[in-house]
Protein chains: 2
Amino acid sequence: MTVKTRRQEYVEATRTALLDSAGRLFTEKGFAHTSLDEVAASARVTKGALYHHFSSKQALFEHVLEGVNERIAEAVMSAGGNADDPWERMTSGLDAFLDACLDDEYQRICLQQGPAVLGWERCREIEARMMGLLDAMLAELADSGARLTPSPLLTRVLFRMVSETALAIGEAEDKKAARAEAGELVTGLLASILRGAPTADEG
Amino acid sequence: MTVKTRRQEYVEATRTALLDSAGRLFTEKGFAHTSLDEVAASARVTKGALYHHFSSKQALFEHVLEGVNERIAEAVMSAGGNADDPWERMTSGLDAFLDACLDDEYQRICLQQGPAVLGWERCREIEARMMGLLDAMLAELADSGARLTPSPLLTRVLFRMVSETALAIGEAEDKKAARAEAGELVTGLLASILRGAPTADEG
DNA sequence: GGTTATTACATACTCTCGGTATGTTGCCAT
DNA sequence: ATGGCAACATACCGAGAGTATGTAATAACC
């Protein structure tokens with residue numbers, strides 16, 4: 001690999017600036033009410049530069065979403081990685097995910113706008129990274145004797161269940177309280193689904 | 001109440017035609033890719049008539065969504081109403097809901113486009129009717145001794161869980177098989193959540 | 001029952017905005 | 001040096017949401 005030239009750095013910086021501006025504006029005003037001129041101006045370039053880097057408004061949004069999603073997936077993965085017990089990995093990963101969901105950008109872009117702009121199908125392809133984490137955890141739990149038959153549909157439904165609590169947290173006035181309530185509820189639900197026991201700590 | 005004049009009938013027919021055309025086009029091509037000229041032409045009027053009846057494209061969509069939602073809620077309610085056992089009312093209502101989800105219009109408008117066009121908040125206000133049904137069923141189950149503590153969040157999460165299976169059905173190639181798989185999964189999950197038992201019939 | 005107001009549209013227009021076509025400038029290879 | 005390409009800027013186009021205005025039919029009022 002060659003050392004990056006100064007020019008290449010500039011290019012990358014421009015691209016990053018565009019993605020950052022787009023992320024911020026899409027989050028604040030939504031996809032439909034954000035104009036590309038606005039995004040470009042906010043990144044101190046013109047629409048020409050934007051279209052040089054991204055083929056369409058939708059493509060720009062897609063790259064923004066991928067970035068946000070990747071960032072959250074990273075956080076979840078690093079949180080769940082250190083525990084020994086699979087159930088503990090699951091719950092700590094879940095906690096990390098719910099915490100990450102306090103992030104406005106993830107809320108608006110990935111959970112709200114994403115499905116409508118790109119369609120659920122494409123959106124779930126991007127979510128595959130995150131979904132894969134959940135899937136792996138479910139498989140581990142199944143191996144370690146949990147009462148569950150893993151299936152893509154189950155993974156998907158559970159993921160959406162957690163996402164919904166994430167949305168609920170985002171809409172609540174008292175986010176701390178909502179976060180706490182959501183954590184308890186989700187843990188309890190997963191416990192009763194996966195273990196057949198009321199709660200995690202009573203089992 | 002006075003007898004409806006012929007002119008009032010015409011007006012109502014025009015409005016209904018606009019809603020029907022909009023519903024069909026929004027379903028086929030999505031909200032963003034449907035032009036109001038197209039909707040108007042399909043209803044054999046002009047955009048002037050459309051804007052006389054609806055204040056904006058979004059308002060038009062909102063009325064369409066309300067109509068579709070009401071239709072489905074009606075079906076679910078009439079399906080669950082005749083059983084005696086609350087659990088049976090729940091499962092039969094669920095079946096009706098999943099069946100209704102085979103409806104393309106409900107899929108695309110209420111589950112796909114709705115949240116992004118109107119926002120989750122407004123969308124859930126409209127869904128309140130449906131949500132209320134689920135809430136009432138949960139309350140009944142709680143009364144009849146099910147192990148669960150009803151809460152708005154629980155209702156919401158369970159509703160989204162079922163909705164997700166609905167989306168999965170809609171995307172599947174073999175909808176019959178997907179419908180069957182979804183039915184089993186949802187019933188099983190609800191059973192383990194609400195009763196602490198693996199499945200409904202084993203409990 | 002003639003005048004006026006209002007309803008229910010149609011027509012014509014504006015203006016924002018996504019997308020494109022066409023410069024322009026500097027770096028890099030040969 | 002110079003041709004070419006990368007990384008932008010500038011100028012333009014067309015589609016479509018929303019608006020302003022016109023108009024025919026009906027309803028309201030005296």
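Quick note on labels: first sequence line is chain A, next is B, and so on, each numbered from 1.
- For Thr14(B) and dC9(C), the shortest distance from a side-chain N or O to OP1 or OP2 is below 4.0 Å.
- Counting non-hydrogen atoms under 4.0 angstrom, Thr34(A) reaches the backbone sugars and phosphates but no base.
- Going from atom CG of Leu50(A) over to atom P of dC17(C) covers 14 Å, rounded to whole Å.
- Taking only side-chain atoms of Lys47(A), from C-beta outward, the nucleotide of dA7(D), dG18(D), dT20(C) with the closest atom is dT20(C).
- Across Arg156(B) and Glu164(A), no two heavy atoms sit closer than the pair NE-OE2, 2.7 Å.
- Going from atom CZ of Phe31(A) over to atom P of dC17(C) covers 13 Å, rounded to whole Å.
- If you take CZ of Arg15(A) and P of dA6(D), they are 15 Å apart, rounded to a whole angstrom.
- One can place OH of Tyr10(B) at 9 Å from P of dT26(D), the figure rounded to the nearest angstrom.
- Comparing dA17(D), dC17(C), dA7(D) by their nearest atom to the side chain of Ser35(A) picks out dC17(C).
- Side-chain N/O atoms of His52(A) include one lying less than 4.0 angstrom from OP1 or OP2 on dA7(D).
- Minimum atom distance to the side chain of Val11(B) is reached by dC9(C), of the listed dA9(D), dC9(C), dG19(C).
- Distance NZ (Lys29(A)) to C1' (dC17(C)): 12 Å, rounded to an integer number of Å.
- Under 4.0 angstrom from either OP1 or OP2 of dC8(D) there lies at least one side-chain N or O belonging to His53(A).
- Atom CD of Glu184(B) has 12 or fewer heavy atoms from other residues, nucleotides or ligands within 6.0 Å.
- Distance CG (Leu36(B)) to C1' (dG18(D)): 9 Å, rounded to an integer number of Å.
- Proximity note for Thr46(A) (side chain, C-beta onward) versus dC17(C), dC9(C), dT10(D): the nearest is dT10(D).
- Using cut-offs of 30° and 60° for the angle between ring planes, the Phe31(B) and Phe26(B) rings count as tilted.
- Phe97(B) and Phe159(B) have tilted rings, their planes meeting at an angle from 30° to 60° on a 0 to 90° scale.
- Nucleic acid contact for Tyr51(B): base, since at least one base atom lies under 4.0 Å from a heavy atom of the residue.
- When the shell of 6.0 Å around CZ of Arg71(A) is examined, it contains more than 12 heavy atoms from other residues, nucleotides or ligands.
- Between the CG atom of Leu60(B) and the P atom of dG18(D) there is a distance of 10 Å, given to the nearest Å.
- Closest-nucleotide positions on DNA chain C for Asp37(A) and Gly48(A) were compared, and the one nearer the 5' end corresponds to Asp37(A).
- dC17(C) atom P lies 17 Å from atom NE2 of His33(B), rounded to whole Å.
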